[in-house]
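In the text below, chain A, chain B and the rest are named by the order of the sequence lines, each starting its count at 1.
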Protein chains: 2
Amino acid sequence: MPLDLDIALDRSSPVPLYHQVASAFERAIREGALPPETKLENEIALAQRYSLSRPTMRQAMDQLVRDGLVVRRRGVGTQVVGPPVRRNLKLSSLYNDLQEEGAEPKTTVLSLENVTADEGICKKLGLSAGTTVQHLLRLRRVDGRPLALMENWIPPEVAELTEEVLEHDGLYNVLRKSGVDFRMAYQTVGAAAADADQAEQLAVEKGSPLVLMERTALDSRGSAVECGRHLYRADRYSFDITLVN
Amino acid sequence: MPLDLDIALDRSSPVPLYHQVASAFERAIREGALPPETKLENEIALAQRYSLSRPTMRQAMDQLVRDGLVVRRRGVGTQVVGPPVRRNLKLSSLYNDLQEEGAEPKTTVLSLENVTADEGICKKLGLSAGTTVQHLLRLRRVDGRPLALMENWIPPEVAELTEEVLEHDGLYNVLRKSGVDFRMAYQTVGAAAADADQAEQLAVEKGSPLVLMERTALDSRGSAVECGRHLYRADRYSFDITLVN
DNA sequence: AACAGGCTAATGTCATGACAAACTGACATA
DNA sequence: TATGTCAGTTTGTCATGACATTAGCCTGTT
């Protein structure tokens with residue numbers, strides 16, 4: 001039951017202690033060193049074991065709870081949760097997610113131009129009507145087969161995009177390199193039927209079901225930096241979400 | 001800038017102080033008393049104003065951040081975020097969400113029987129192969145028009161379900177009343193085409209796009225209490241999610 | 001006028017201490 | 001046997017204090 005994880009804590013590191021602890025536990029759980037149903041030591045003992053204060057250890061545990069890796073019960077303890085330890089939806093691009101899974105995403109820029117944003121886009125981006133924004137249309141392939149058709153709108157003051165750069169990296173990575181620090185995103189996920197154009201681009205039949213995702217991303221100042229409307233082949237993509245009370 | 005919210009805190013209430021504070025701010029933001037872009041007072045001043053400690057006030061603010069209502073920046077302050085203050089995905093039933101929106105959901109139980117669970121269901125519920133579970137198929141209507149076709153599997157030891165009860169309330173409410181306390185859920189959202197049966201039930205054409213949601217719900221002990229596969233009319237439903245870094 | 005430096009303000013991190021509330025299990029009692 | 005009670009364990013909540021880190025502004029210098 002002691003289950004010493006031999007965590008190497010670095011107090012001089014810029015990454016906070018609670019994050020170091022949480023990451024170590026997360027890795028241990030995902031790798032199976034802490035199998036499902038395992039009961040962890042109590043907070044106080046854990047804090048002492050790693051020479052931390054109880055609030056710091058709690059903060060680490062809270063993160064594990066929010067990530068859906070453990071469950072806690074007052075008076076009982078903390079348990080590693082059952083097997084379905086899937087990946088949770090993160091505020092990153094599709095590109096990064098695919099790379100983490102070992103795939104090799106390839107992007108084709110179908111169109112990149114400045115347009116005057118319509119009312120809907122302006123509202124989502126918090127701009128006054130008639131503003132000019134960059135309109136981006138891309139097709140993403142994995143293993144040579146099309147996966148997603150992605151349409152995005154980016155205000156010019158956020159970053160100046162070029163086809164060249166976008167062909168070799170995900171939009172979020174490109175924007176991050178331009179100094180954007182994403183903080184939040186509103187997302188809606190639904191479904192739609194492929195029209196003739198979309199069907200051709202995604203190599204499916206017209207009318208096929210597609211996963212429809214619309215998103216508005218905000219930076220740390222709370223202002224919108226990007227909004228998009230993405231269509232995914234339903235047979236090749238879906239969104240994973242972990243909900244916690 | 002002081003922006004006193006006149007929050008009535010009840011220290012003898014069983015609901016924690018940080019939750020009382022967070023709820024009050026959330027209501028104020030949603031009702032427009034704190035419009036977007038508003039800069040809140042700093043934590044220390046807020047804590048003093050309501051006679052709380054700083055950690056408690058921070059806990060309240062953290063909740064607002066996770067709910068996507070405010071953004072914080074070190075060295076700067078806390079700001080109410082832009083207008084798209086939508087509802088976030090919660091661990092509750094469709095039924096409750098619809099009721100909150102003022103709709104009148106009606107449920108028809110199409111089938112309720114005990115079946116031996118197949119391999120996939122057993123794995124999701126963490127049961128050994130060949131176990132008997134309750135299989136439930138329901139159709140949900142709003143305004144008389146079909147919205148969702150819901151298929152669920154529930155282990156018998158969780159609760160004994162009856163058609164009678166399920167026709168008048170959502171599954172989650174029914175289970176909660178049986179003593180289940182939901183803590184977590186894994187969810188995947190995608191799309192699928194309606195087959196002949198589904199099309200008829202949902203009053204759409206065969207092949208129409210549907211939103212496909214699969215979910216496994218866990219209780220506070222980390223064991224699965226329910227798993228389900230739901231199909232929604234794409235023109236009438238989608239999932240809203242708020243992501244935070 | 002432009003840049004460097006330092007000051008201020010605000011959130012982020014961490015420690016210590018205390019009490020409350022809930023679950024478990026053992027024990028006593030009817 | 002069944003039920004109620006009590007003690008022990010563990011997480012939940014709250015308070016106080018301190019220092020670190022970052023952003024933004026002001027100021028002084030070049």
Side-chain angles (χ1 to χ4, degrees), chain A residues 1-3 9-23 38-66 70-81 179-181 183 219-223 244-245, chain B residues 1-3 9-23 38-66 70-81 179-181 183 219-223 244-245:
Chain A
M1 182 70 70
L3 243 306
L9 290 181
D10 179 2
R11 293 190 100 90
S12 67
S13 159
V15 36
L17 290 173
Y18 68 85
H19 194 273
Q20 294 182 38
V21 174
S23 298
T38 305
K39 188 161 173 276
L40 268 50
E41 272 186 295
N42 70 61
E43 293 178 345
I44 313 214
L46 282 175
Q48 283 175 352
R49 178 183 298 280
Y50 300 112
S51 302
L52 296 170
S53 70
R54 195 184 156 209
T56 302
M57 185 52 80
R58 268 188 79 74
Q59 213 171 342
M61 290 298 153
D62 282 348
Q63 185 174 317
L64 295 179
V65 169
R66 278 197 303 276
V70 303
V71 178
R72 327 186 72 186
R73 271 204 307 159
R74 177 186 290 197
V76 179
T78 307
Q79 274 193 1
V80 178
V81 89
V180 176
D181 88 324
R183 200 53 84 81
D219 66 5
S220 58
R221 290 200 304 282
S223 51
V244 180
N245 243 355
Chain B
M1 183 71 68
L3 244 307
L9 290 181
D10 179 2
R11 294 190 99 91
S12 67
S13 159
V15 36
L17 290 172
Y18 68 85
H19 193 273
Q20 294 182 39
V21 175
S23 298
T38 305
K39 189 160 173 275
L40 266 51
E41 270 186 296
N42 71 62
E43 294 178 344
I44 313 211
L46 282 175
Q48 282 176 352
R49 178 183 298 280
Y50 300 113
S51 302
L52 296 170
S53 71
R54 195 182 156 211
T56 301
M57 187 51 80
R58 267 189 79 73
Q59 214 171 341
M61 290 299 154
D62 281 348
Q63 185 174 318
L64 295 179
V65 169
R66 278 197 303 276
V70 302
V71 178
R72 326 185 73 186
R73 273 165 79 214
R74 174 185 289 196
V76 179
T78 306
Q79 273 193 1
V80 178
V81 88
V180 176
D181 85 323
R183 201 52 83 80
D219 66 6
S220 58
R221 289 200 305 282
S223 51
V244 180
N245 243 355

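- To the nearest angstrom, C1' of D:dT13 lies 17 Å from CZ of B:R58.
- Using a 4.5 Å heavy-atom threshold, the side chains of B:R73 and A:R221 count as touching.
- Atoms CD (A:Q79) and P (D:dT10) sit 13 Å apart, rounded to a whole Å.
- When all heavy atoms of A:D219 and B:V71 are compared, the closest pair comes out as O-CG1, 4.2 Å.
- Interatomic distance, CG of A:L40 versus CE of A:M61, reported as 5.0 Å (0.5 Å rounding).
- In this structure the side chain of B:L9 reaches within 4.5 angstrom of the side chain of B:L52, judged on heavy atoms.
- In this structure, the side chains of A:R58 and A:R72 come closer than 4.5 Å at one or more pairs of heavy atoms.
- When heavy atoms are screened at a 4.0 angstrom cut-off, A:P16 is found touching the sugar-phosphate backbone but no base atom.
- Between A:M57 and A:E43, the shortest heavy-atom distance links the atoms CG-O, 3.9 Å.
- Under the 4.5 Å side-chain criterion, counting only non-hydrogen atoms from C-beta, A:V70 is in contact with A:V65.
- A sub-4.0 Å separation between OP1 or OP2 of D:dT11 and a side-chain N or O of A:T78 is present.
- When all heavy atoms of A:A45 and A:N42 are compared, the pair lying nearest together is N-OD1, 2.8 Å.
- Read 5' to 3', the first and last nucleotides of DNA chain C with an atom closer than 4.0 Å to a heavy atom of chain A are C:dT13 to C:dT24.
- Atom-to-atom, NE2 of B:H19 to C1' of D:dG12 comes out at 14 Å; the value is rounded to the nearest Å.
- As rounded to whole Å, 14 Å separates atom C1' of D:dG12 from atom CG of A:N42.
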ask   = Taking protein heavy atoms under 4.0 Å as touching, what does nucleotides 19-27 of chain D look like 5' to 3' if B marks base contact, S marks sugar-phosphate-only contact and - marks none?
value = --BBSS---
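- Here B:S220 lies out of heavy-atom contact (under 4.0 Å) with every strand.
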